[in-house]
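Read through the structure below, which is laid out as structure tokens, and then see the notes.
Because only heavy atoms are used, hydrogens play no part in the values below, and waters and symmetry mates are left out as well, while side chains stay in. Nothing here was measured: the structure is a model prediction, and the numbers come from that model.
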Amino acid sequence: ILSTTNAGIQNEPKACALAGGGYVVVWSMDSRMAPTNLQVRYRRIDSNGQPLDENDIRIGSDETGNHWLPQVACDPAGGFTIVGVASEPNNTFGVFAQHFDAMGRPTHDKLIVNTQADGGQVYPAVATDGQGRTLVVWEEQPADMSPAYLQGRWLTSTGETLSDVFVVGQDTVSLTKPVVALDPSGETGLISGLSDNRKAVYYSIEAVATDPSQLVAPAEDISHSVALASAPGQGMALVYFSGVGSTVSVKAGVLSPAYAFSDMTTLNTGAIPPYAPSINVRNGRLAAIWTERFGERSFFLRLALFGPE
């Protein structure tokens, strides 16, 4: 059991592999104790699953307000960056980031990544490249109720700001639910978002750049639930859902460095429930996992492996 603070509800776990071995796991906790019931906690474990931290640790434990929706990315120096959303004075959420070194010690105070005070900033995504540079992307919800869009910001290897805030993508329809992955080479990255709540769109970005380029996505009416992972030496691996109802297809593949979508493989088609899939690449082998229905009230997980054994 990772959580040592077991009051309330613990959910939304995320993890990444530490460069020195082991893992760091971050999750949300609802203590049900207003006004700071929503918390972000983390704990490191070794490669055998044994705790490296005596207890789980709360982000912003000395602050008032809520913390929620955590994500984590590990860096090549053995450290990691945790992002999430935190309460702002205008009763909305803003995006925070905090970097930790290889010993699990914070290298600085929690950083508020967004600069827009009005509206809300939610659903952050984070990735770190082979140089330790970190890209944070989030959903910007304007105060004037205009369509949501995506913003991003680069951070240094120690979690300080490396760029200004920039717009990833904006349209006359909403652009939400960001996902991001960076190439370990430190040269390029891939960002995905959900356009008009129905179609996945993609943007390529060069290291520390603030001008992402939109890619030509597959010609599908409905696509969503994208998961991304870097595939060293190959490009970017992704898995996503295409379609709706009883004809949802699970598609996966590896995009070349030119980010062409021509080689996607359909893994299965059916009444796939809308639970987010996951993907990982290690030693040239891709693993994709997703949820399928089993009868009317049950679900199971299906795993697909690609590449050399």
Side-chain angles (χ1 to χ4, degrees), residues 11-17 23 25 27 69 71-72 123 125 127 137 139 174-183 189-204 214-309:
N11 57 13
E12 299 173 332
K14 300 292 186 297
C16 65
Y23 304 86
V25 184
W27 65 92
L69 299 175
Q71 300 281 344
V72 62
Y123 299 111
V137 182
E139 179 182 320
S174 64
L175 188 57
T176 59
K177 304 298 189 298
V179 185
V180 60
L182 297 177
D183 192 307
L190 187 62
I191 302 168
S192 178
L194 187 62
S195 176
D196 200 23
N197 206 34
R198 61 179 288 122
K199 183 175 177 60
V201 293
Y202 302 87
Y203 300 84
S204 64
Q214 187 167 356
L215 303 173
V216 178
E220 298 164 319
D221 290 335
I222 298 177
S223 57
H224 56 93
S225 303
V226 175
L228 297 174
S230 62
Q234 301 178 67
M236 293 290 175
L238 80 158
V239 59
Y240 68 95
F241 298 156
S242 174
V244 67
S246 61
T247 58
V248 175
S249 294
V250 182
K251 297 188 175 184
V254 176
L255 304 181
S256 69
Y259 296 146
F261 289 83
S262 58
D263 296 326
M264 294 295 102
T265 299
T266 299
L267 304 178
N268 203 5
T269 299
I272 307 295
Y275 297 112
S278 183
I279 195 167
N280 197 11
V281 180
R282 177 174 292 184
N283 298 327
R285 200 169 198 201
L286 183 155
I289 189 167
W290 66 95
T291 303
E292 293 192 5
R293 294 185 183 276
F294 183 75
E296 294 184 1
R297 299 183 179 181
S298 300
F299 302 90
F300 68 95
L301 297 177
R302 188 180 291 277
L303 171 69
L305 297 174
F306 301 82
E309 297 185 1

Study note, to complete from the structure: When every non-hydrogen atom of Ser195 is compared with those of Val201, the smallest separation belongs to CB-CG1, 3.9 Å
Exercise for review: Sequence neighbours left out, what passes side chain to side chain contact (heavy atoms under 4.5 Å, CB included) with Ala200? Give chain and number order.
Suggested key: Ser192, Tyr202, Ser223, Val226
Check your understanding: Does Thr291 have any side chain to side chain contact (heavy atoms under 4.5 Å, CB included) partners at least two apart in sequence or in another chain, and if so, which?
Key -> Pro273, Tyr275, Phe299, Leu301
Review point. How long is the span from the CG atom in Leu190 to the CG atom in Leu215, to the nearest 0.5 Å?
Key: 6.5 Å
**Study point:** Gap separating the OG atom of Ser249 from the CG atom of Asn268, nearest 0.5 angstrom
**Key:** 8.0 Å
Review point. Taking it one step at a time, do Lys199 and Ile222 satisfy side chain to side chain contact (heavy atoms under 4.5 Å, CB included)?
Key: CA-CA 5 Å; Lys199 183 175 177 60; Ile222 298 177; over 6 Å; no
Point to revise | Exceeds 12 heavy-atom contacts within 6.0 angstrom, atom CG of Asp196 | key: yes
Review point. Does CG belonging to Asp221 count more than 12 external heavy atoms closer than 6.0 Å?
Key: no
Review point. Just wondering, are more than 12 heavy atoms of other shown residues or ligands nearer than 6.0 Å to CZ in Arg282?
Key: no
Revision key, fill the gap. Minimal heavy-atom distance between Val254 and Gln234, with the atoms involved, is CG1-CB, 3.8 Å
Check your understanding: Counting N and O atoms only, with roles assigned by atom type, does the side chain of Glu220 sit under 3.5 Å from a partner on the main chain of Ser242, one being a donor and the other an acceptor?
Key -> no
Practice item. Let me see the working for Ser230 and Met236 under side chain to side chain contact (heavy atoms under 4.5 Å, CB included), right down to the final yes or no. Key: CA-CA 5 Å; Ser230 62; Met236 293 290 175; 4.1 Å; yes
Revision key, fill the gap. What one should report as the nearest heavy-atom pair of Pro277 and Ala227 is O-CB, 3.6 Å
Check your understanding: With sequence neighbours left out, what residues match Asn280 under side chain to side chain donor-acceptor pair (under 3.5 Å)?
Key -> none
Check your understanding: So do Leu255 and Leu238 actually touch side chain to side chain, heavy atoms under 4.5 Å?
Key -> yes
Check your understanding: Passes side chain to side chain contact (heavy atoms under 4.5 Å, CB included), Leu228 versus Ile279? Steps please.
Key -> CA-CA 7 Å; Leu228 297 174; Ile279 195 167; 5.6 Å; no
Review point. Would the number of heavy atoms belonging to other residues, nucleotides or ligands and lying under 6.0 Å from CZ of Phe294 be above 12?
Key: no
Point to revise | Within-4.5 Å side-chain heavy-atom neighbours: Leu286 and Leu305 | key: no
Point to revise | Which atom of Ala125 lies closest to which atom of Pro178, heavy atoms considered | key: CB-O, 3.6 Å
Point to revise | Reported OH-to-CD1 distance for the pair Tyr203 and Ile191, which is rounded to 0.5 angstrom | key: 9.0 Å
Exercise for review: Please report the closest heavy-atom contact between Leu182 and Ala127, naming both atoms and the distance.
Suggested key: CD1-O, 3.4 Å
Check your understanding: Can you list the steps and then say if Arg302 with Ile289 is a side chain to side chain contact (heavy atoms under 4.5 Å, CB included)?
Key -> CA-CA 6 Å; Arg302 188 180 291 277; Ile289 189 167; over 6 Å; no
Point to revise | Atom of Pro13, atom of Trp27 and distance for their closest heavy-atom approach | key: CA-CB, 3.9 Å
Check your understanding: Distance under 6.0 Å and angle within 45° of the ring axis: does Lys177 meet both against Tyr123?
Key -> yes
Check your understanding: Does the Thr247 side chain pair with the main chain of Val244, one donor and one acceptor, at a distance under 3.5 Å?
Key -> yes
**Study point:** Spacing of Thr269 atom OG1 and Lys251 atom NZ [to the nearest 0.5 Å]
**Key:** 8.0 Å
Exercise for review: Side-chain contact test, heavy atoms from C-beta onward, threshold under 4.5 Å: evaluate it for Leu69 versus Glu12 and give yes or no.
Suggested key: yes
